[in-house]
2 protein chains.
Amino acid sequence: MAMTLTLDQILAALEKTDTLDGLQTATEALRTFLGVAHIVYHWVDSAGDQYGCGTYSPEWRSRYLDQNYLRVDPVVSGCFQRFHPVDWKRLDWSSKAARALLTEAIDHGVGNQGFTVPIRGPNGQFALFTVNDNCTDDAWQAFTQANRRDLILIAHYFNQKALEFEPGRTPEVAQALSPREIDAMTLLAIGYNRAQVADSLSISEHTLRVYIESARFKLGAMNTTHAVARALSRGLIVV
Amino acid sequence: MAMTLTLDQILAALEKTDTLDGLQTATEALRTFLGVAHIVYHWVDSAGDQYGCGTYSPEWRSRYLDQNYLRVDPVVSGCFQRFHPVDWKRLDWSSKAARALLTEAIDHGVGNQGFTVPIRGPNGQFALFTVNDNCTDDAWQAFTQANRRDLILIAHYFNQKALEFEPGRTPEVAQALSPREIDAMTLLAIGYNRAQVADSLSISEHTLRVYIESARFKLGAMNTTHAVARALSRGLIVV
DNA sequence: TTCCAACTCCCCAATTATGGTGAGGCCCCG
DNA sequence: CGGGGCCTCACCATAATTGGGGAGTTGGAA
């Protein structure tokens, strides 16, 4: 079968997709198009849920979830700290857990080469788009250099599509924090206690409490630490 | 002068840029290349700091900063809640302040059409990449449709460059937390109090305290909330 | 104009977190 | 085989946070 698929066609197909299964199909098509072993789109959810579509074997996928490899995967933590796409070779595999993960992944047919594009959306949404293959370093570098831009674009479109499917993504957005609440959360996040925060904001500690409590309410948080964590992971404050 | 500039050349120039002025130059070149009135890259910092390079008039730029228009600009708030690029016409201009802003912007030569790409980086970094022009709706739609992908890519490269200039963005190598410390931080970040965390981990609350304190020490944090915030923003835990 | 959200201030009592100190067992690496 | 990090447990006293009340001002939106 001749290769007639183009990037344009794939992106157009993505735009027309109206089910999650559509993403799965697009992923398969993409693999053929790019000529790599695997393509994975992986949404790392703030609630610890994960959604992904891709071409990894079901065994590996469930193994990854069961073992909570998310916690030790250098691809996840490495990409979380970076903006630009990353070649797996450039990540930190020094920890034993990480090396064990890699070995096991290769055993599951993941391939020895990988390239992952981090993607971020509103409310601290974070996702990964990965391609990988089994080949030499040189071949892989040539591939990633040649396709870098397309991969960035594809990752972008995948995420856009995935966000459209996300249920209840919009309602939470409405609850923005007021300026004072943001101030309070920010100062708490940098380690100030209530007395220090109140002092920094030149308000009474009593007033501060009102802000903290209303922020907690808006964020659906059970306590201050929770509220700050949510504000952070939703990108409402930055430290 | 013939138009010989290509997207490749601009992106290559961006990659070679090694000063902030370089971004300014690239912005100007880009305007010529795309044939629009203005190009602006705008980094919106949560602390209220803003960095931008672009082709808006200095008057408008300082006016925008002085008046703290960031707080009322529908482009900013609208893009903050979206993942995909946005045409200014699709934003919410219903508030009086927003309409006043738009009128004033047009008076300052900003143009009646705009298209903005939101971009997000690690640690909640948020930036905008905007093109705008003075033309009809039809012409503008044709332009944005034709250049959408390039604009996404350019925005991406601009942000990558800008992040490289950011001081202290590649800070001390985050000291890793032990598995138990990660457990503790994670459970605290999802709102559990110490009793609940200890219960979840099936350890005594006394033991838990040891983890929290050692995590706090490793993270250089002043209190639990601070420690959780740091663990989150360093990507050591994902909530 | 009227309403609402945001900002500001206050008390009391109960609950929770923290600081300081100490100690035993386990496993890995040099 | 010893040092170091990790996991586990405990007490005491103090500091900090939280829950549940109530109340007045202001500025923008319907």
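Numbered from 1 within each chain, the chains take letters A, B, ... in sequence-line order.
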J.: Between the side chains of B/His108 and B/Ser57, is a donor N or O closer than 3.5 angstrom to an acceptor N or O?
T.: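 No pair is found: no donor N or O on one side chain lies under 3.5 Å from an acceptor on the other.
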J.: Pick base, sugar-phosphate or nothing for B/Ser214, based on heavy-atom distances below 4.0 Å to the nucleic acid.
T.: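 No contact.
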J.: Indicate whether any N or O donor in one side chain lies under 3.5 Å from an N or O acceptor in the other, for A/Asn112 and A/Trp140.
T.: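 There is no such pair (donor and acceptor under 3.5 Å, judged by atom type) between the side chains of A/Asn112 and A/Trp140.
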J.: Inspect the contact between A/Glu205 and A/Arg209 and indicate whether a charged nitrogen and a carboxylate oxygen are less than 4.0 angstrom apart.
T.: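 No salt bridge links A/Arg209 with A/Glu205.
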J.: Nearest of C/dT8, D/dG19, D/dC6 to any side-chain atom of A/Arg216?
T.: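 Taking heavy atoms from C-beta onward, the closest nucleotide is D/dG19.
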J.: Measure the distance from CE on A/Met185 to P on D/dT17 and round it to the nearest whole Å.
T.: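 Result: 12 Å.
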J.: Want to settle it: does A/Val210 or A/Glu213 sit nearer the 5' end of DNA chain D, counting the closest nucleotide to each?
T.: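 Its nucleotide being nearer the 5' end, the pick is A/Glu213.
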J.: If you assign A/Pro179 and A/His206 each to the DNA chain C nucleotide with the nearest heavy atom, which residue ends up on the more 5' nucleotide?
T.: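 Mapping each residue to its closest nucleotide by heavy atoms, the 5'-most match is A/Pro179.
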J.: Measure from NZ on B/Lys96 to P on D/dG27 and round the result to the nearest Å.
T.: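 Atom NZ in B/Lys96 sits about 14 Å away from atom P in D/dG27.
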J.: Output yes when at least one side-chain N/O atom of B/Thr207 is less than 4.0 Å from OP1 or OP2 of D/dC9, else no.
T.: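 Result: yes.
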J.: To the nearest Å, how far apart are A/Asn223 CG and C/dA17 C1'?
T.: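 Result: 11 Å.
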J.: Can we say B/Arg180 and B/Asp183 salt-bridge, meaning some charged N sits less than 4.0 Å from an Asp/Glu carboxylate O?
T.: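 Yes, this pair counts.
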J.: Taking CG from B/Leu187 and P from C/dA17, how many angstroms apart are they, rounded to a whole number?
T.: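 These atoms are roughly 14 Å apart.
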J.: Return the nearest nucleotide to the side chain of B/Tyr211; candidates are D/dT17, D/dT8, D/dA10.
T.: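 Between D/dT17, D/dT8, D/dA10, the one nearest the side chain of B/Tyr211 would be D/dT8.
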J.: Whole-Å distance between C/dG19 P and B/Met222 CE?
T.: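 After rounding, the gap between these two atoms is 10 Å.
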J.: At under 4.0 Å, does any side-chain N or O of B/Arg180 touch on OP1 or OP2 of D/dG5?
T.: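 Checking B/Arg180 against D/dG5: no side-chain N or O falls below 4.0 Å of OP1 or OP2.
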J.: In whole Å, I'd like the distance from the CD1 atom of B/Ile212 to the P atom of D/dC7.
T.: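 Answer to the nearest Å: 14 Å.
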J.: Please figure out whether B/Leu208 or A/Arg209 has its closest DNA chain D nucleotide nearer the 5' end.
T.: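 Here B/Leu208 is the residue nearer the 5' end.
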J.: If the cut-off is 4.0 Å, is A/Lys218 near the phosphate of C/dA5, judged by side-chain N/O to OP1 or OP2?
T.: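 Indeed not, no polar side-chain atom of A/Lys218 lies that close.
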J.: Closer than 4.0 Å, any side-chain N/O of B/Ser178 to the OP1 or OP2 of D/dC6?
T.: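 Answer is no, no contact under 4.0 Å.
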J.: Could you give the CG-to-C1' distance, from B/Asp199 to D/dT8, as a whole number of Å?
T.: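 One finds 16 Å between C1' of D/dT8 and CG of B/Asp199, rounded.
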J.: Among the candidates D/dA10, C/dT8, D/dT17, find the nucleotide nearest to the side-chain atoms of A/Glu205.
T.: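 The nucleotide sitting nearest to the side chain is D/dT17.
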J.: Does a nitrogen or oxygen in the side chain of B/Thr224 sit under 4.0 Å from OP1 or OP2 of C/dA17?
T.: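 No, B/Thr224 has no side-chain N/O under 4.0 Å of OP1/OP2 on C/dA17.
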J.: Measuring from B/Asn132:CG to B/Arg31:CZ, what's the distance to the nearest 0.5 Å?
T.: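 The distance works out to 10.0 Å.
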